[in-house]
Amino acid sequence: MPGDRNTITISILAAADGQRPVHVNGEPSHHIAETEVAALLAETRENLWRTDPAAGAKLGKRLYALLNRGAGTLQGIIANATATGAHTHLYVQTPDELTQLPFELLHNGSFVLLAHNVHVIRLVEDRGKLATVAPKEEAIRMLFMACSPTGGSLKVLDFEKEEEKIFVNTSLMTLNRTLIVTATSII
């Protein structure tokens with residue numbers, strides 16, 4: 001069944017009482033101590049895994065152990081994907097504060113992404129949702145900057161007229177304007 005695909009979703013939830021619940025396909029699986037998560041985040045921030053494969057493997061093993069607890073569900077899915085040749089999509093969903101953890105380094109004796117038909121995909125809760133942005137109740141800030149060619153047959157621009165048009169069209173709005181006038185002559 002090489003063309004088949006399996007999916008699994010592992011969600012690490014927000015911490016409560018020093019523990020983070022982990023759900024596999026929506027069902028409670030196990031809990032992770034917040035102190036362990038903090039240690040993994042600290043190790044991740046050292047960035048050794050970016051240049052040292054051994055450090056990446058070590059971190060990947062710790063992340064794998066973190067997700068494979070409980071009934072060993074992750075190992076079972078990887079074994080099934082390897083045995084059947086089916087591609088497996090492992091969806092990982094975490095709170096924002098855990099997005100730094102490099103789950104792509106999962107390691108169970110070898111890097112999962114390299115040695116098995118498993119693809120790690122990060123889920124983002126707000127994907128597809130429109131963000132609502134509240135307009136700020138503050139003055140419009142404006143900066144005018146103009147230049148005009150000097151010399152030759154080129155027409156000199158009338159910046160004051162352009163500036164006046166903008167002020168007329170924004171006259172009903174609160175403006176916070178600063179006008180800086182500088183002049184440079186080229187001889």
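As the structure is a computational prediction, the values presented were derived from the model and not from experiment.
- For Arg62, the side-chain hydrogen bond (donor to acceptor under 3.5 Å, both in side chains) criterion is met by Glu43, not counting sequence neighbours.
- A search for side-chain hydrogen bond (donor to acceptor under 3.5 Å, both in side chains) contacts involving Thr44 returns nothing, not counting sequence neighbours.
- Ile10 contributes atom CD1, which lies 11.0 Å from atom CG of Leu123 (distance to the nearest 0.5 angstrom).
- Taken from CG in Leu105 to CZ in Phe103, the straight-line distance is 10.5 Å, to the nearest 0.5 Å.
- Here Glu162 pairs with nothing under the salt bridge (charged side-chain N to carboxylate O under 4.0 Å, His left out) rule; sequence neighbours left out.
- Scanning for side-chain hydrogen bond (donor to acceptor under 3.5 Å, both in side chains) contacts around Asn47 gives Arg50, with sequence neighbours left out.
- A donor-acceptor pair under 3.5 Å is absent between the side-chain atoms of His89 and the main chain of Thr9, judged by distance alone.
- Counting only residues at least two apart or on different chains, the side-chain hydrogen bond (donor to acceptor under 3.5 Å, both in side chains) pairs with a member in residues 103-112 are Gln75-Asn108, Glu104-Arg122, Asn108-His116.
- To the nearest 0.5 Å, atom OG1 of residue Thr7 and atom OH of residue Tyr91 are 6.0 Å apart.
- Pairs of residues two or more places apart, or lying in two chains, never qualify as salt bridge (Lys or Arg N to Asp or Glu O under 4.0 Å) while including a residue from residues 75-90.
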CA sep, side-chain torsions, deciding dist, call: Thr94, Leu101, side chain to side chain contact (heavy atoms under 4.5 Å, CB included)
CA-CA 9 Å; Thr94 63; Leu101 293 174; 6.0 Å; no
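- The salt bridge (Lys or Arg N to Asp or Glu O under 4.0 Å) contacts involving residues 80-94 comprise nothing, where partners must be two or more places apart or lie in separate chains.
- Counting all heavy atoms, side chain and backbone alike, Pro95 lies closest to Ala14 at CG-N, 4.0 Å.
- Classification of Lys58 and Glu46 as a salt-bridged pair fails, no side-chain N sitting under 4.0 Å from a carboxylate O.
- You'll find the side chain of Ile121 stays beyond 4.5 Å of the side chain of Leu90, heavy atoms only.
- With sequence neighbours excluded, no residue forms a salt bridge (charged side-chain N to carboxylate O under 4.0 Å, His left out) with Glu164.
- No single ILVMFWY cluster, assembled from side-chain heavy atoms under 4.5 Å apart, contains both Tyr64 and Leu48.
- Side-chain atoms of Asp52 come within 3.5 Å of backbone atoms of Ala54 as a donor-acceptor pair (strictly under, hydrogens ignored).
- For His23, there are no ring-ring contact (aromatic ring centres under 6.0 Å, His included) partners at least two apart in sequence or on another chain.
- Residue pairs meeting the salt bridge (Lys or Arg N to Asp or Glu O under 4.0 Å) criterion with at least one partner in residues 71-91, sequence neighbours excluded, do not occur; the list is empty.
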When you look at Ile32 and Gln19, which way does the side chain to side chain contact (heavy atoms under 4.5 Å, CB included) test go after all the steps?
CA-CA 5 Å; Ile32 303 167; Gln19 298 283 318; 5.8 Å; no
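- Two residues are said to be in side-chain contact when any heavy atoms from C-beta on lie closer than 4.5 Å; Arg20 and His31 fail this criterion.
- If you take CD1 on Ile166 and NZ on Lys161, they are separated by 13.5 Å, rounding to the nearest 0.5 Å.
- At a threshold of 4.5 Å between non-hydrogen side-chain atoms, the residues Val22 and Arg69 do not count as touching.
- Contact annotation: the side chain of Pro102 approaches that of Leu63 to within less than 4.5 Å [non-hydrogen atoms, C-beta and beyond].
- Put simply, Leu40 and Leu13 are part of two different groups of oily side chains (I, L, V, M, F, W, Y) that touch within less than 4.5 Å, one to the next.
- Residues passing the side-chain hydrogen bond (donor to acceptor under 3.5 Å, both in side chains) test with Gln100, sequence neighbours excluded: Arg45.
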